[in-house]
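Inspection log for the structure reproduced underneath, given as structure tokens.
Every chain is numbered from 1 and lettered A, B, ... according to where its sequence line falls, protein lines coming before strand lines.
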Protein chains: 2
Amino acid sequence: MTDTEPRRRARPRGKRPPTILDVAAHAGVSRGTVSRVLQGGHNVSSASQEAVHAAIRKLGYVVNRAARSLVTQRAGSVAFLLSEPQERFFEDPNFTTLLRGCTTALAEHDLPLILITAGTEAERRRIAPFLSAHHVDGVLLVSSHRGNPMVDHLRRTGLPFVCCGKPLGERDAVSYVAANDREGARAMVRYLLESGRNRVATITGPQDTPGGLERLDGYRGMLTERGIVYDTRLVAVGDYSRASGEACMQQLLTSAPDIDAVFVASDLMADGALTAIERAGLRVPDDIAVGGFDDSPVASATHPPLTTIRQPWARISEMMVRQLLAQIDGEGPATVILPTELVVRESA
Amino acid sequence: MTDTEPRRRARPRGKRPPTILDVAAHAGVSRGTVSRVLQGGHNVSSASQEAVHAAIRKLGYVVNRAARSLVTQRAGSVAFLLSEPQERFFEDPNFTTLLRGCTTALAEHDLPLILITAGTEAERRRIAPFLSAHHVDGVLLVSSHRGNPMVDHLRRTGLPFVCCGKPLGERDAVSYVAANDREGARAMVRYLLESGRNRVATITGPQDTPGGLERLDGYRGMLTERGIVYDTRLVAVGDYSRASGEACMQQLLTSAPDIDAVFVASDLMADGALTAIERAGLRVPDDIAVGGFDDSPVASATHPPLTTIRQPWARISEMMVRQLLAQIDGEGPATVILPTELVVRESA
DNA sequence: CTGAAAGCGCTTACAG
DNA sequence: CTGAAAGCGCTTACAG
């Protein structure tokens, strides 16, 4: 359009927005006082406070975050760092649920969320300087697989970070927030047994993730507790994808045709399992009861709707944010485990 | 842990990261020269350039973005603004595909993406000052419904913004990037007709969204072109959700039991339609051919896999980012329409 | 091609 | 409780 206009100027001819100096002038105080009001109004007379607030409203003043950051040495933002092959997480409904929760929780603290993906080695290299330079004050880290290099890198940067789910294979203390996977699995298996099922199989998550490991452990523990021998023929290892759920179920149906229930470690896989069962001409829950895990959006969309274990995503997000803020304020790492809840629908 | 430590300090005792002054000292030049190198090295001797680059590497210097922002009057970041009821978009696979694409495209320009949700009026009020204060340099706006107040608000702020999909009901020029919905719909209907189907129904998207409107228009146009009378009994209006696809299909099956094909305006709805068809005891594609739209991840996971129209999400993201950067550099608004592609699988 | 210097808009000891 | 002032780390005319 306007070819002659200069480029690379932010607001070429718009008048500058009001600064703290304008506010000070309007309120009849110094800019130090305005700043103090901005910081919470400690040690400021109520008369001054009111005058400043009035001026702020009148001028529509909003703090310049860059200027503030420069002096406070804080970025004033937090990263949501996805250190997984992108496909996996962007297709997993749990991920979006978590992202949404964190965005909301951070918004309440006026902290913008910066979304960073680091699924590949190249991406990790690219964001390293960004993190090292503390362009964010902390990191919400989503990375489930064992030995993720991001954990080490973050530790070296000295940036506060909180993981979603227990990071596997870390010797030192790392902050994380997780649902009680083991108890969740136990609750589901207990429910299946108490509804009269005898041969309960399981489809697990990947065995290099905490959810994969602990949900299997819960399954095994509950069987043992009830005096049932753990039978590896009743165990199929999936990768959380719908397709793997289908394949695993098909396998179980062949290797152990007498099963009457299956605990599936994710709803997405459970949906796949449903497909395999249906294809085999069996009915759910009449012939085989199916229990999922997550209570993700798919759980109520399957046929039949899934009986599943609800992960407390809202609370997980909140606690991740809370822990991160605490660490930014100097607290040490902490572990938070949140209870799950059995949601009974029609599949079991 | 360390109770006696002062709080609210960013890096209490870590040594400060190197500044441009350290680099200048190491390179034996002034800080103005370092800055010029950082800006691209124009008007700097190659000797100086090399010395500066060496110093940067040696010290691990990374620019302080806050300081830069303060002087350039640019935020150095871009917002991805979701102005829809959250549930909808966070469950729609298209959304995550778009978000992923934009994150990647922005990363290539070293621009952090700030994720902002503004699905409710309260949220919109909350982020208004953030936007007005130009805490981001531009906005990638995702908002499909007619008359979204965010468009007006953004226009008032003077912030550059680019919409994903045509914003309905806007009189003035607004930048947007969209797939060619109409042509995509035409291609699908053409394909169905040419595979020998005669009674082609459609399940549309919401009629206050461009995709809802234009895909229906494409359907209608192609029928007319082939001399087929447009029959409203063959049209059911959905809302892009899986559930609505199922309900619409059920309705069509009742009101027009002789249909032998259906063009569904989203893969998610098509998946729902598949369920309804199956429940009615009909086979796909033998009895009814089903064509979807999106080629989202669900398309290959349905039974049978969906023949659908691929939306060029990677290109859409790239173009949105490119347009936004152009606007930030002073260019005027522009409209970009990208072609779609027919993907033939098994459902039609 | 280069340096010295002003200035971006804040916060925070420091005096009073 | 309040003001004056230093300083956060950059960029960019301005001279030379």
Side-chain angles (χ1 to χ4, degrees), chain A residues 6-12 14-52 55-56 59-76 133-135 137, chain B residues 6-12 14-52 55-56 59-76 133-135 137:
Chain A
R7 296 198 157 209
R8 317 222 53 186
R9 302 239 24 239
R11 282 165 264 172
K15 11 181 179 16
R16 284 282 176 70
T19 74
I20 206 174
L21 225 43
D22 300 313
V23 175
H26 262 74
V29 298
S30 73
R31 70 188 197 277
T33 297
V34 175
S35 183
R36 277 176 216 113
V37 172
L38 257 27
Q39 306 307 312
H42 306 299
N43 294 352
V44 181
S45 70
S46 54
S48 294
Q49 288 204 40
E50 278 166 35
V52 169
I56 287 176
L59 299 174
Y61 170 79
V62 182
V63 71
N64 179 320
R65 300 186 141 230
R68 173 180 284 175
S69 283
L70 185 55
V71 39
T72 60
Q73 302 278 31
R74 289 215 185 186
H134 288 228
H135 286 329
D137 294 323
Chain B
R7 298 200 154 208
R8 316 222 54 184
R9 303 236 21 239
R11 283 167 262 174
K15 7 176 182 21
R16 283 284 175 69
T19 73
I20 207 173
L21 225 43
D22 301 312
V23 175
H26 262 76
V29 298
S30 72
R31 71 187 197 279
T33 297
V34 175
S35 183
R36 277 176 215 113
V37 173
L38 257 27
Q39 307 306 314
H42 305 299
N43 294 354
V44 180
S45 70
S46 52
S48 295
Q49 289 205 41
E50 278 166 36
V52 168
I56 287 176
L59 299 174
Y61 170 79
V62 182
V63 71
N64 180 319
R65 297 184 144 232
R68 173 180 283 174
S69 283
L70 183 55
V71 38
T72 59
Q73 303 278 26
R74 290 215 185 187
H134 287 231
H135 287 327
D137 294 324

Can you identify which nucleotide, out of dC10(C), dA13(D), dA13(C), has its nearest atom closest to the R36(A) side chain? dA13(C)

Any stem touching DNA chain D, meaning at least three consecutive Watson-Crick or G-U pairs under 3.5 Å, ordered by first number, would be C:1-3 with D:14-16, C:5-12 with D:5-12, C:14-16 with D:1-3

Distance, C1' atom - from dG16(D) to dT12(D), rounded to whole angstrom: 16 Å

Derivation of the side chain to side chain contact (heavy atoms under 4.5 Å, CB included) call for N64(B) and L70(A): CA-CA 8 Å; N64(B) 180 319; L70(A) 185 55; 4.2 Å; yes

Distance below 4.0 Å between S48(A) side-chain N/O and dT2(D) OP1 or OP2: yes

Looking at residues 19-27 of chain A, who's got a heavy atom less than 4.0 Å off DNA chain C? T19(A), I20(A)

Does OP1 or OP2 of dT2(D) have a side-chain N or O of S45(A) closer than 4.0 Å? yes

Drop me the distance from R36(B)'s CZ to S30(B)'s OG, to the nearest 0.5 angstrom. 6.0 Å

Between Q73(A) and dG9(D), does any side-chain N or O lie under 4.0 Å from OP1 or OP2? yes

Just compare dT11(D), dA4(C), dG9(C) and give me whichever is closest to any side-chain atom of Q39(B). dT11(D)

Between R68(B) (side chain) and V63(B) (backbone), is there a donor-acceptor pair under 3.5 Å? no

Atom pair distance, as rounded to whole Å: CZ in R74(A) and P in dC10(C): 19 Å

Measure from CD on E50(A) to C1' on dC1(D) and round the result to the nearest Å. 15 Å

dG9(D) phosphate, OP1 or OP2: any side-chain N/O from R16(B) under 4.0 angstrom? yes

Contact under 4.0 Å: N64(B) side-chain N or O vs dC10(D) OP1/OP2: no

L38(B) vs V71(A), nearer the 5' end of DNA chain D by closest nucleotide: V71(A)

How far apart are the C-alpha atoms of I20(B) and L38(B), what are their side-chain angles, what is the distance that settles it, and do they pass the side chain to side chain contact (heavy atoms under 4.5 Å, CB included) test? CA-CA 10 Å; I20(B) 207 173; L38(B) 257 27; 4.1 Å; yes

At what distance, to the nearest 0.5 angstrom, does CZ of R31(A) lie from CG of D22(A)? 11.5 Å

Counting heavy atoms from C-beta on, name the nucleotide in dC8(C), dC8(D), dT11(C) closest to the side chain of L70(B). dC8(C)

Has the side chain of R65(A) got a donor or acceptor that lies under 3.5 Å from a partner of the other kind on the base of dG9(C)? no

Partners passing side chain to side chain donor-acceptor pair (under 3.5 Å) against S48(B) (at least two apart in sequence or in another chain): S45(B)

Taking 4.0 Å as the cut-off, does a side-chain nitrogen or oxygen of R31(B) come that near to OP1 or OP2 on dT12(D)? no

For T19(A) against Y61(A), the heavy-atom pair lying closest together: C-CE1, 3.6 Å

Within the structure provided, determine whether Q73(B) and R16(A) are in side-chain contact (heavy-atom separation under 4.5 Å). yes

Counting only side-chain N and O atoms of S35(B), is one of them less than 4.0 Å from OP1 or OP2 of dT12(D)? no

So CD of Q49(A) and NE2 of H42(A): to nearest 0.5 Å the spacing works out to 9.0 Å

Most 5' of V63(A) and H42(B) on DNA chain C, judged by nearest nucleotide: H42(B)

Take atom CD1 of I56(A) and atom P of dC10(C), then tell me their distance rounded to the nearest Å. 10 Å

So, is T33(A) close to the dG3(D) phosphate, meaning a side-chain N or O under 4.0 Å from OP1 or OP2? yes

So do V52(A) and V44(A) actually touch side chain to side chain, heavy atoms under 4.5 Å? no

